[in-house]
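Inspection log for the structure reproduced underneath, given as structure tokens.
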Amino acid sequence: MNVNDHFNNFPIDYFNLEVLNFIDNVGFRNIEEANAHLKRSIQQLITKEEPLELNSNGYIKDSLAEKLNLNVRNTSVINCAVGQGKTTAILEIVKEHILSNANTYIIIAVPLVSLISQYKKDLLNLGFTEEQIYSYENIRNKDQIDYLNPLFRIHLVTVNTLLGNPGDNAPLQSEAKNSYLQKLSKQFGDNNKKVIFIYDEIHEAIRNFSKIGEAHLYYFSKVIAKNILLSATYNVQSIPVIKMLSKLTDNKIQILESKREVINEQSRLFLHFTNSYNTSSHTPISQLVRQLIREDKNIDILCYSKKLCKNLLDPNTEPGNLLTEKFGTLRDCTSNLEDNQNNTDEDISTNRYDNNFCNIGTNFKSGVSINKEDHAFIIILPPKSKGPYFSNNGIFTEGINSVIQSIARQRTIGEIHIILPHPILMDYSSLRNMSEDQRNHFIQAYNEIAIDPNRTRNRNGVTTPLVRYIPFSEHFEIISNKYSELITRLMTPYLRNSNLDIPDLYDYIMENGEMILTLEGFLGKNLSSFVTYSAFTNQFYNARLAGFYYAPALDEEEFREVMRIAYEEYNEDSNNTHKHLSVKYGELRDKIIGSIPLSYDSNTVAKLKTEIYKYVTTQAEISGIPPRKLPLKYLAVEYANFNDNSTPERRNFSERIKTFIDKVHNSMIASVNNEPAYFKNYEEVKIFENEENELLNLIQEIKEKNPALKLNGANFFRNIKLEDIAPKFYDYIIDSFYETASYRPRDGETQKNYKRIA
């Protein structure tokens, strides 16, 4: 039984939009005045309807059509779960409305260019024609005014276009886009047209709003008939944006929220806990991909990092080569924005998610529907935190809602695999609404994979706190408390100078809200804790935990027993008895390492390889084979096992190191006239001249791939300098492959210092 089986029907927590959130300065007046203000607001401006009901298929359309009146001028905020059909419902409702209202037009604003094509496809499927849809990418120059054609009943644009955002490399929006705003709004006004604005996936556009952006919205102030806002993941930062938009509809706000009831079958969710991956090291990811390919799954990978995506896409290394062999050309879905989250309009030509390909990228965590049979969706969260301070989490930098949205991309029932670091231990006193039995099962499961913060190392002696569970209902309060603290600190300056403007609460939320929340471990800094809690308590609407995996603590005594049994089984095959030591080591290494948990970190795996080699050579010594220098032999044998073609990476190392080793072998002076075979000193042969940089890079790469080389006493070439690398490597190879003794022949008056083959 999984831990989440104890949480069946446990309520799904989400951000509820409350009337109180939209009332200025609530929390900073007395209770009587706040209540009076609240009552007036409810009666005059802000209403929250009864929850939207779900039909038998789990969709909100019927209930939404009853409550959403397109003839009422207000800002309607629709807050429903992922997969409840909000976009389809709105488009169908709007279609019916504009067909019967010739003077009404629709402007659909989306946060990412990638959603433009998706919306156009949806509209065409609903029966609209190309002649009725004007799309963002057609805005090319200020003199091209085809958008004024009255046949275009629907305009598809980005939120940035409406807000006049110029991007990072210009002080002003392009003349073409500004001309579009001015001329289109003027034509609507001159011809008495009404415009309904639909802001979909509004959670992705929060960062784009500003005071300057608000000013651009007023081009349409005389023609706006309604705002419709859609999202499954509203947050505190949504509140000032909703207030800003509602100013254009006389400050009237209608809140429509759906019930979070799971009706349809959910995808199977698997968590893979490991701390052994980063932008340049991805062994656990390759192992998971290999497993899913064996199971004949269709695969897509959404990753926190653009850099890591590029490595995963490489067809010459794992897992890119495995995926290319399985699926053909891979689709690079990395954004031209580093974190996919600034206010720049993306290039329309940037690769987009395509259900016909294996997609690897950063730019489809929102607004994309993955519809594939036998599908495995891999989501890679940021690796372990470096400490208690804020860090860039790539596409997940804005916190927990980005994770919820990512998981929701899979619309056909399949598998979702999340690769994530071990979470920090939780303050269990913060848990809410659990029975004693549920609490005990949660603690037991969480303790299995959690890291004690006392074991983490931070700079400057700063400690990592326990993670505290924080429900959505507390998010507004957390930011409001920070705002109150700021005002209290500044009270003296404000009293001394009445001309100072006190910061507005909602401006403060828009500017600082995300940072304040994501500094909380559970809400951003330690995303793994949120994912773990949510999976254990069935919080994801479209996915249910089916299993979680992690590497248990290494029991060295148990491992030695595994190694002994494996060695004895190996030797039972008479064909293995006389194999070269390096071959024996390579075959046993692959057999034993292949049997341990996938999530052991690379440092542990490297340490195990070293132990395997020591064991094999010790057994060889017992059998009468002379021992050799283990610290030297390990590196040579591990990467000079020339028959090992298990991965392109290993093959690359082997081929490169073999080139250098062959040069050393070929420099040996053969035995002649009873004189021994020997090696001259390096200064006489200089076989690596002009190759020192390549040799140094090779050694450094090998050491990076084998952290255990620094831990087990085999720290080769410590702090080596470029000028020393060639002679040191020359001697190293000789000592690794040959038993040598001192050989000091005379050359005239000079006595040489060579190494003879013993």
Glu49 atom CD: more than 12 heavy-atom contacts under 6.0 Å: yes
Sole residue of Ile379, Val82, Leu302 in side-chain contact (heavy atoms from CB on, under 4.5 Å) with Ile407: Ile379
Donor-acceptor under 3.5 Å (Arg409 side chain, Lys365 main chain): yes
Check: Gln405/Asn401 side-chain N/O donor and acceptor closer than 3.5 Å: no
4.5 Å side-chain heavy-atom contact, Val262 and Ile12: yes
Lys193 to Tyr105 six-membered ring, cation-pi geometry met (6.0 Å, 45°): no
Steps toward side-chain contact (heavy atoms from CB on, under 4.5 Å) verdict (Glu204, Leu115): CA-CA 11 Å; Glu204 285 279 4; Leu115 297 177; over 6 Å; no
Within-4.5 Å side-chain heavy-atom neighbours: Thr412 and His375: no
Please list, one pair per line, the donor and acceptor atoms closer than 3.5 Å that link side chains of residues 86-94 to other protein atoms, with sequence neighbours excluded.
from  : atom 1 : to     : atom 2 : distance (Å)
Thr87 : OG1    : Asp200 : OD2    : 3.0
Glu92 : OE1    : Lys61  : NZ     : 2.7

Crowding at CD1, Ile212 (>12 non-hydrogen neighbours, <6.0 Å): no
Test item: side-chain donor near acceptor, Asn356 and Asp354, under 3.5 Å: yes
Exceeds 12 heavy-atom contacts within 6.0 angstrom, atom CD of Glu175: no
Heavy-atom check, side chain of Asn192 versus side chain of Asn103, under 4.5 Å: no
Parallel, tilted or perpendicular: rings of Phe540 and Phe530 (30°, 60°): perpendicular
Donor-acceptor contact below 3.5 Å, side chain Asn101 vs main chain His97: yes
Residues Tyr353 and Asp300: side-chain donor-acceptor under 3.5 angstrom: yes
Side-chain donor or acceptor of Arg411 paired with backbone N/O of Val368 under 3.5 Å: no
Pair Lys310 + Asp332, salt bridge at N-O below 4.0 Å: yes
Ser76 and Asn74: side chain donor to acceptor below 3.5 Å: yes
Derivation of the salt bridge (Lys or Arg N to Asp or Glu O under 4.0 Å) call for Glu50 and Lys67: CA-CA 9 Å; Glu50 289 296 314; Lys67 298 179 183 296; over 6 Å; no
Main-chain N/O of Phe22 paired with Lys243 side-chain donor or acceptor, under 3.5 Å: yes
Gln84 side-chain N/O to Lys259 backbone N/O, donor-acceptor pair under 3.5 Å: yes
Polar side chain donor-acceptor pair, Asn191 to Gln187, under 3.5 angstrom: no
Evaluation steps, side-chain contact (heavy atoms from CB on, under 4.5 Å), between Asn393 and Tyr304: CA-CA 7 Å; Asn393 284 334; Tyr304 74 97; over 6 Å; no
Pair Ser135-Ile116, side-chain contact (heavy atoms from CB on, under 4.5 Å): steps then yes or no: CA-CA 7 Å; Ser135 191; Ile116 296 285; 3.1 Å; yes
Tyr147 and Tyr134 aromatic ring geometry - parallel, tilted or perpendicular at 30°/60° bounds: perpendicular
Minimum heavy-atom distance Val157-Tyr136, with the two atoms named: CA-CB, 3.9 Å
Side chain proximity check, Ile154 to Tyr119, heavy atoms < 4.5 angstrom: no
Side-chain donor or acceptor of Ser238 paired with backbone N/O of Asn235 under 3.5 Å: yes
Any donor-acceptor N or O pair under 3.5 Å, side chains Asn160, Thr158: no
Donor-acceptor pair between Asn178 and Tyr180 side chains, under 3.5 angstrom: no
Derivation of the side-chain contact (heavy atoms from CB on, under 4.5 Å) call for Gln118 and Arg352: CA-CA 10 Å; Gln118 181 63 48; Arg352 305 293 165 201; over 6 Å; no
Over 12 non-hydrogen atoms of neighbours within 6.0 angstrom of CZ in Phe188: yes
Aromatic ring proximity Phe197/Phe220, centre distance under 6.0 Å: yes
